[in-house]
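Chain A is the first sequence line, chain B the second, and so forth, proteins listed ahead of strands; every chain is numbered from 1.
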Protein chains: 2
Amino acid sequence: MKIKEKLYRTAALLFEKKGYPATSVRDIAEAMQLKPSSLYSHIRHKEEILISICDLVASRFERAIEEVLSQEVSPLEQLKKVIDFHVQMAFEDPVSITVFNNEWRHLPSEELSIFVQRRKEYEAKLSGILAALGRSHALRPIAHHFILQTMLSSMLWLHRSFPKHAEGGLSEIQQSMKIFILKGILL
Amino acid sequence: MKIKEKLYRTAALLFEKKGYPATSVRDIAEAMQLKPSSLYSHIRHKEEILISICDLVASRFERAIEEVLSQEVSPLEQLKKVIDFHVQMAFEDPVSITVFNNEWRHLPSEELSIFVQRRKEYEAKLSGILAALGRSHALRPIAHHFILQTMLSSMLWLHRSFPKHAEGGLSEIQQSMKIFILKGILL
DNA sequence: TTTGCGAACAAACAATCGTTCGTATGAGTA
DNA sequence: TACTCATACGAACGATTGTTTGTTCGCAAA
């Protein structure tokens with residue numbers, strides 16, 4: 001049970017550095033001090049590794065937003081919780097998040113379409129929060145889609161260079177991010 | 001002279017869709033209705049294509065910020081011009097920008113270090129504008145580096161889905177982006 | 001001790017990779 | 001007409017790709 005997780009973590013590190021297509025099965029094997037053929041005692045295809053990584057990260061995001069939506073607080077509080085969670089994810093597991101964000105297009109076509117669908121649904125739920133905020137006339141008159149994408153995008157740099165600027169700790173970054181985004185979109 | 005540009009444009013389209021390592025020379029040749037060996041009448045290596053694309057985009061950004069810095073206007077006005085330019089680039093040539101942003105790490109090591117250096121210098125100049133803004137006490141008390149990265153990152157989604165939301169035209173997006181970023185970072 | 005099984009291995013597979021070589025074509029110039 | 005030169009091509013190269021096969025090792029249960 002332990003070795004499979006080590007395999008995923010090792011592979012994720014390589015995927016992060018060189019990208020999925022440029023990372024060979026032999027690279028992964030070498031990093032684990034194994035011979036290439038030995039990997040196939042634990043996995044069926046190379047693609048399986050990428051699928052697992054993406055699926056795991058996607059599930060975490062889905063669980064998080066589901067929990068936020070289940071809480072009966074104001075849309076503004078919901079949005080704050082979502083931002084906190086995104087920052088926290090980039091803080092706790094930057095490697096997986098990077099792979100998730102950069103390599104998803106290399107999923108095999110069947111899993112790719114499922115993945116795109118799941119992402120759409122996630123964005124739809126986030127969009128629902130923004131819509132509720134808009135109904136209370138708290139939003140600037142900018143297209144919802146613009147706000148959604150810009151908000152998500154503005155947090156995407158974190159996982160690339162987090163450790164360097166985490167001196168202040170997670171909560172400080174969460175605070176800064178909330179200020180930046182909320183001042184940007186709220187009236 | 002025309003065919004080389006067509007080659008770069010065709011290759012960039014493939015690099016955008018499948019990524020540089022997953023795009024074979026045979027893919028590029030087929031897309032140009034040529035045989036693989038024929039490409040080598042126009043290029044020396046596959047890497048040369050990526051280098052040219054990245055170099056071209058980098059030069060455009062460098063030229064733009066150089067022009068902004070040469071104008072004697074307030075730091076705030078300079079920052080506005082920079083934002084406008086970034087949006088404009090994503091609007092005019094989303095394909096090249098995507099390749100530039102996603103595939104630079106696959107440059108051969110020598111060109112890679114040059115490229116990283118150029119990017120550092122670009123960010124340093126941008127950071128200079130922010131510092132000037134800070135000296136006039138116009139910035140929120142958030143780390144400059146945080147502001148810089150978040151600002152750049154927030155514009156990075158544009159080139160991925162621009163045409164769909166450009167109904168309002170370039171200037172409307174520029175306007176929205178300026179509002180979002182400036183409200184987010186200014187006091 | 002015997003049996004069973006997951007884990008690791010060496011060797012090899014067809015397929016695809018980037019690239020080279022020698023050659024053919026065809027348009028423009030002297 | 002003869003020559004040049006950029007362009008395109010077929011064929012092939014060694015290297016690397018993901019994966020399969022048959023086998024061996026060591027440990028745990030019976």
Side-chain angles (χ1 to χ4, degrees), chain A residues 1-55 99-100 102-112 115, chain B residues 1-56 99-100 102-112 114-115:
Chain A
M1 290 297 172
K2 198 72 170 297
I3 188 167
K4 202 156 186 174
E5 194 181 315
K6 171 145 189 166
L7 201 165
Y8 287 149
R9 210 159 285 277
T10 305
L13 264 169
L14 290 169
F15 292 166
E16 178 198 28
K17 187 162 59 180
K18 322 203 307 178
Y20 174 79
T23 302
S24 70
V25 173
R26 285 166 177 83
D27 290 335
I28 304 173
E30 193 182 10
M32 295 201 61
Q33 292 170 309
L34 286 180
K35 303 300 170 183
S37 55
S38 307
L39 289 191
Y40 287 85
S41 296
H42 308 93
I43 59 169
R44 279 188 300 202
H45 335 282
K46 180 192 176 190
E47 289 169 339
E48 187 181 299
I49 307 176
L50 182 61
I51 294 173
S52 292
I53 295 175
C54 289
D55 182 64
V99 173
F100 177 77
N102 297 340
E103 312 298 330
W104 58 270
R105 59 178 162 168
H106 297 113
L107 288 167
S109 67
E110 190 182 346
E111 283 80 6
L112 178 63
F115 179 84
Chain B
M1 292 297 168
K2 198 70 169 299
I3 188 168
K4 202 155 186 176
E5 195 180 316
K6 173 147 192 167
L7 201 165
Y8 287 149
R9 210 158 284 276
T10 306
L13 264 168
L14 290 170
F15 292 166
E16 179 197 26
K17 188 164 56 180
K18 322 204 307 177
Y20 174 79
T23 302
S24 69
V25 173
R26 286 166 176 83
D27 289 335
I28 304 173
E30 193 182 10
M32 295 201 62
Q33 293 169 309
L34 285 180
K35 302 300 170 183
S37 56
S38 307
L39 289 190
Y40 287 84
S41 297
H42 307 95
I43 59 168
R44 279 186 300 203
H45 334 284
K46 181 193 177 190
E47 290 169 337
E48 185 181 302
I49 307 176
L50 183 61
I51 294 173
S52 293
I53 294 175
C54 288
D55 182 64
L56 228 85
V99 174
F100 176 78
N102 298 340
E103 314 298 330
W104 59 269
R105 59 178 163 169
H106 298 113
L107 287 167
S109 66
E110 190 182 347
E111 282 80 5
L112 179 62
I114 297 177
F115 179 84

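- Note that CZ of A:R26 and NZ of A:K35 are 11.5 Å apart. Values are rounded to the nearest 0.5 Å.
- B:W104 and B:F115 have parallel rings, their planes meeting at less than 30° on a 0 to 90° scale where 60° marks the start of perpendicular.
- Around CZ of A:R105, the count of heavy atoms belonging to other residues, nucleotides or ligands within 6.0 Å exceeds 12.
- In this structure the side chain of A:E103 reaches within 4.5 angstrom of the side chain of A:P21, judged on heavy atoms.
- In this structure, B:K4 NZ and B:S52 OG are separated by 7.0 Å, a value rounded to the nearest 0.5 Å.
- For the pair A:K18 NZ and D:dT16 P, the computed distance is 12 Å after rounding to whole Å.
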- [ ] Give the intermediate values and the outcome of side-chain contact (heavy atoms from CB on, under 4.5 Å) for residues B:N102 and A:N102.
- [x] CA-CA 8 Å; B:N102 298 340; A:N102 297 340; 5.9 Å; no
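- Protein atom NE2 of B:H45 is 16 Å distant from nucleotide atom C1' of C:dC17, rounded to whole Å.
- Every pair passing salt bridge (Lys or Arg N to Asp or Glu O under 4.0 Å) that includes a residue from residues 38-51 of chain B is listed here, sequence neighbours excluded: B:R44-B:E48.
- End-to-end axis angle for the helix from C:dA14-D:dT17 to C:dA30-D:dT1, using five pairs per end and rounding to 10°, comes out at 20°.
- Between the side chains of B:S24 and B:D27, at least one donor N or O sits under 3.5 Å from an acceptor N or O.
- Taking a 4.0 Å limit (strictly below) on heavy-atom distances, residues 26-44 of chain B reaches DNA chain C at B:R26, B:S37, B:Y40.
- A:T10 contributes atom OG1, which lies 10.5 Å from atom CD of A:E5 (distance to the nearest 0.5 angstrom).
- Whole-Å rounding puts the B:K46 NZ to D:dT16 P distance at 15 Å.
- Once rounded to the nearest 0.5 Å, the distance linking CD1 of A:I28 with OG1 of A:T23 reads 6.5 Å.
- Among pairs with a residue in residues 15-36 of chain A, those fulfilling ring pair (Phe, Tyr, Trp, His ring centres under 6.0 Å) read A:F15-A:Y20, at least two apart in sequence or across chains.
- For B:K6 and D:dT7, the NZ to P distance is 15 Å, given to the nearest whole Å.
- From A:I43, atom CD1 reaches atom CD1 of A:I49 across 4.0 Å, with rounding to the nearest 0.5 Å.
- Applying a 4.0 Å cut-off to non-hydrogen atoms, none of the residues of residues 47-54 of chain A approaches DNA chain D.
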Please list each protein N or O that sits under 3.5 Å from an N or O in nucleotides 24-28 of chain D, with the distance.
none

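- Annotation: the span from A:E111 atom CD to A:I51 atom CD1 amounts to 3.5 Å, rounded to 0.5 Å.
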